[in-house]
Amino acid sequence: MSALKYWVWLSNILELSPRVKKNLLTRFGDVMELYFTMREALDEVEGLTSLQKDALMKKDLDPVLRVLDACEAQSVQILTYQDAEYPQRLKQIFDPPLVLYVKGRLPVIDEECAVAVVGTRRATPYGLKMARRIGFELTKCGGLVVSGLAEGIDSAAAEGALRAGGRCVGVLGTAIDEVFPRFNEPLFRDVTAVGAILSEYPPGAKTTRSSFPARNRIMSGLALGSVIVEAPEKSGALITAEHALEQGRDVFAVPGNADSPACTGSNGLIKEGAKAVTAGWDVLSEYAKLFPLRLRAVTGREAAIPQEGKPLTRVQPKPVKAEAAPAEPETGEDFIKLRAPSTKKEVDKPEERAYIGLNDQLQGLSEAQLKLVSVLRRPGMHVDDIIDASALPAQTVLSELTMLQIKGFVIQEAGKRFSLNIKKP
């Protein structure tokens, strides 16, 4: 714990790229050694600029202590590059983040067949449908969806994973405590409940123009392969594909209409050698021999998405028409413009679900869901108490609680507490 503050100190030096930070650690051998080094030793490091040396000589730890306090208050876990829980798969990339801030329960990534699913923010109805289907089928077949949780394709893929009753890992291009876009707050909450959200930016960090493109390397770095569902000619999703190729990872793409501007980039990837896929198993079949006990193809009713076409979250952006060209190219440079806060009340605060009658409530619930309803005897029960009272596996409880939230039967409150959303007769 004593070294943690020095990891946060180094990771928050904006004048240094992740690659330079990694090289400095290799040279000095230890983050504390780097913190206490003198200017003369830094002068011997080839390639360091005067500005970078000046930044390294700033030893003020007060901002670091504020970050640590904020993480403790918000139940944010801090993983450093040297921690055993830090994914080895991510360590292998050219420029891994030194620190990861995590909300929720991060799966053991190296044991998962993780697949990143990305695409345009201005998705067509076809793109949203395919993203949701791919996310659902990847999860049903035993994979783990990695999503940027951005508007459009990313969010639809995460929704598909949740509909399958599985986990999802969200990678943010903002501070770990910032929900962006704002209307995605319910989705962020659901992903955190059953999986994890992570960021290389601490609570309260300001978003820069490079933040969103930079997070794409983490998404592809956590995954064995990346699926680009729908992307125009100049799209941030194509940055993820580029990172995947640089990292030696696989790239897949969902074919789109040949005359659709929204699919120009993703169709171009197929021309350049990306594997065309139309189902989750098309992707996972490439890794079936690596995970023989985890991956399996599903068919029939098991592969059908429940309530397909209905939004999972309470607020959903209206998709553009398939034939409409994007208003401006998605170069990755204009992400920052989307952070302007909205003044509309219905976006800032999602509307609460109406109460559901008891007779209707109990129809169609699974045995595990009925069990959870029966143990939720008081408002605001902590998830750990629910796990103990139900005697169900923790992952089952988290998954079924999310499904009960999706259906409107349960409400999640602050601090991982849950209450029934039932009006008793």
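Since we're looking at a predicted model, the values are computed, not measured. Hydrogens, waters and symmetry mates play no part in the numbers below; they use all other heavy atoms, side chains included.
- Closest of all the heavy-atom pairs between A131 and V229 is N-CG1, 3.9 Å.
- Under the 3.5 Å distance criterion, with hydrogens and angles disregarded, a donor-acceptor pair is assigned to the side chains of D250 and Y287.
- Using a 4.0 Å cut-off between charged nitrogen and carboxylate oxygen, R167 and E112 count as a salt-bridge pair.
- Counting heavy-atom neighbours within 6.0 Å of R105 CZ, excluding the residue itself, gives a total of 12 or less.
- The shortest non-hydrogen separation linking L222 to P87 is CD2-CG, 3.9 Å.
- Closest approach of A253 and S266 over heavy atoms only: CB-O, 3.6 Å.
- When the options E246, Q247, E242 are evaluated for a side-chain hydrogen bond (donor to acceptor under 3.5 Å, both in side chains) with S220, the one that passes is Q247.
- Residue I176 comes nearest to I197 through the heavy atom pair CD1-O, 3.5 Å, listed as atom of the first residue, atom of the second, then distance.
- Residues Y81 and K91 form a side-chain contact, since some pair of their non-hydrogen atoms from C-beta on lies under 4.5 Å apart.
- Distance check: L224 CG to R89 CZ gives 4.0 Å after rounding to the nearest 0.5 Å.
- Listed here is the closest heavy atom pair of G166 and V194: O-CG2, 3.6 Å.
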- Are H243 and T240 close enough, and set up right, to give a side-chain contact (heavy atoms from CB on, under 4.5 Å), and what steps lead you there? CA-CA 5 Å; H243 283 305; T240 304; 5.7 Å; no
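- The nearest pair of heavy atoms linking A244 to V251 is CB-CG2, 3.9 Å.
- Side chain to side chain, T26 and N23 fail the donor-acceptor criterion of an N or O pair below 3.5 Å.
- The backbone N or O of F94 lies less than 3.5 Å from a partner atom in the side chain of R19, making a donor-acceptor pair.
- Between the side chain of N184 and the backbone N or O of P181 there is no donor-acceptor pair closer than 3.5 Å.
- A donor-acceptor distance shorter than 3.5 angstrom exists from the side chain of E230 to the backbone of T124, with no hydrogens or angles considered.
- Considering only heavy atoms from C-beta on, F252 comes within 4.5 Å of E286 through its side chain.
- Interatomic distance, R377 CZ to L420 CG, rounded to the nearest 0.5 Å: 11.0 Å.
- Rounded to the nearest 0.5 angstrom, Q92 CD and D110 CG are separated by 7.5 Å.
- Side chain of R249 to main chain of S226: no donor-acceptor pair is present (N/O by atom type, distance under 3.5 Å, no hydrogens or angles).
- Between the OG1 atom in T139 and the CZ atom in R163 there is a gap of 12.5 Å [rounded to 0.5 Å].
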- Task: Report the C-alpha separation of L149 and D154 in whole Å, then their side-chain angles, then the decisive distance to 0.1 Å, and conclude whether the side-chain contact (heavy atoms from CB on, under 4.5 Å) test is met.
- Result: CA-CA 5 Å; L149 298 183; D154 293 36; 5.6 Å; no
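- With hydrogens and angles disregarded, no donor-acceptor distance shorter than 3.5 Å links the side chain of D282 to the backbone of V277.
- Side-chain N or O atoms of S155 include one that pairs as donor or acceptor with a backbone N or O of A150 at under 3.5 Å.
- In E233, the CD atom is not crowded: 12 or fewer heavy atoms of neighbouring residues, nucleotides or ligands sit closer than 6.0 Å.
- Counting heavy atoms from C-beta on, the side chains of Y86 and P96 come closer than 4.5 Å.
- Note: Y35 and W9 have perpendicular aromatic rings, judged against thresholds of 30 and 60 degrees for the angle between ring planes.
- Contact check for D83 versus I78: no side-chain heavy atoms found under the 4.5 Å cut-off.
- By the 4.5 Å heavy-atom criterion applied to side chains, T174 and S199 are not counted as neighbours.
- With hydrogens and angles ignored, the 3.5 Å screen pairs a side-chain donor or acceptor of K21 with a backbone N or O of S11.
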- Message: Using the rule given for side-chain contact (heavy atoms from CB on, under 4.5 Å), can you reason through L90 versus L100, listing the C-alpha separation, both sets of side-chain angles and the distance that settles it, and then say yes or no?
- Response: CA-CA 11 Å; L90 187 59; L100 290 174; 3.8 Å; yes
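- With contacts defined as side-chain heavy-atom distances shorter than 4.5 Å, the pair S211/T208 qualifies.
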- For Q52 and L24, what are the C-alpha separation, side-chain angles and deciding distance, and is it a side-chain contact (heavy atoms from CB on, under 4.5 Å)? CA-CA 12 Å; Q52 291 172 331; L24 285 171; over 6 Å; no
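- The CG atom of D177 lies 8.5 Å from the SG atom of C71; values are rounded to the nearest 0.5 Å.
- No side-chain heavy atom of E85 sits less than 4.5 Å from a side-chain heavy atom of L106.
- The closest donor-acceptor contact from the side chain of R294 to the backbone of C113 lies at 3.5 Å or more, if one exists at all.
- With hydrogens and angles disregarded, no donor-acceptor distance shorter than 3.5 Å links the side chain of N12 to the backbone of V64.
- Salt-bridge check for K58 with E15: failed, with every basic side-chain N at 4.0 Å or more from each acidic carboxylate O.
- Looking at D190, its side chain never comes within 3.5 Å of a backbone N or O of T402 through a donor-acceptor pair.
- Under the 4.5 Å side-chain criterion, counting only non-hydrogen atoms from C-beta, L16 is in contact with L56.
- To the nearest 0.5 Å, atoms OH (Y126) and OG (S260) are separated by 9.5 Å.
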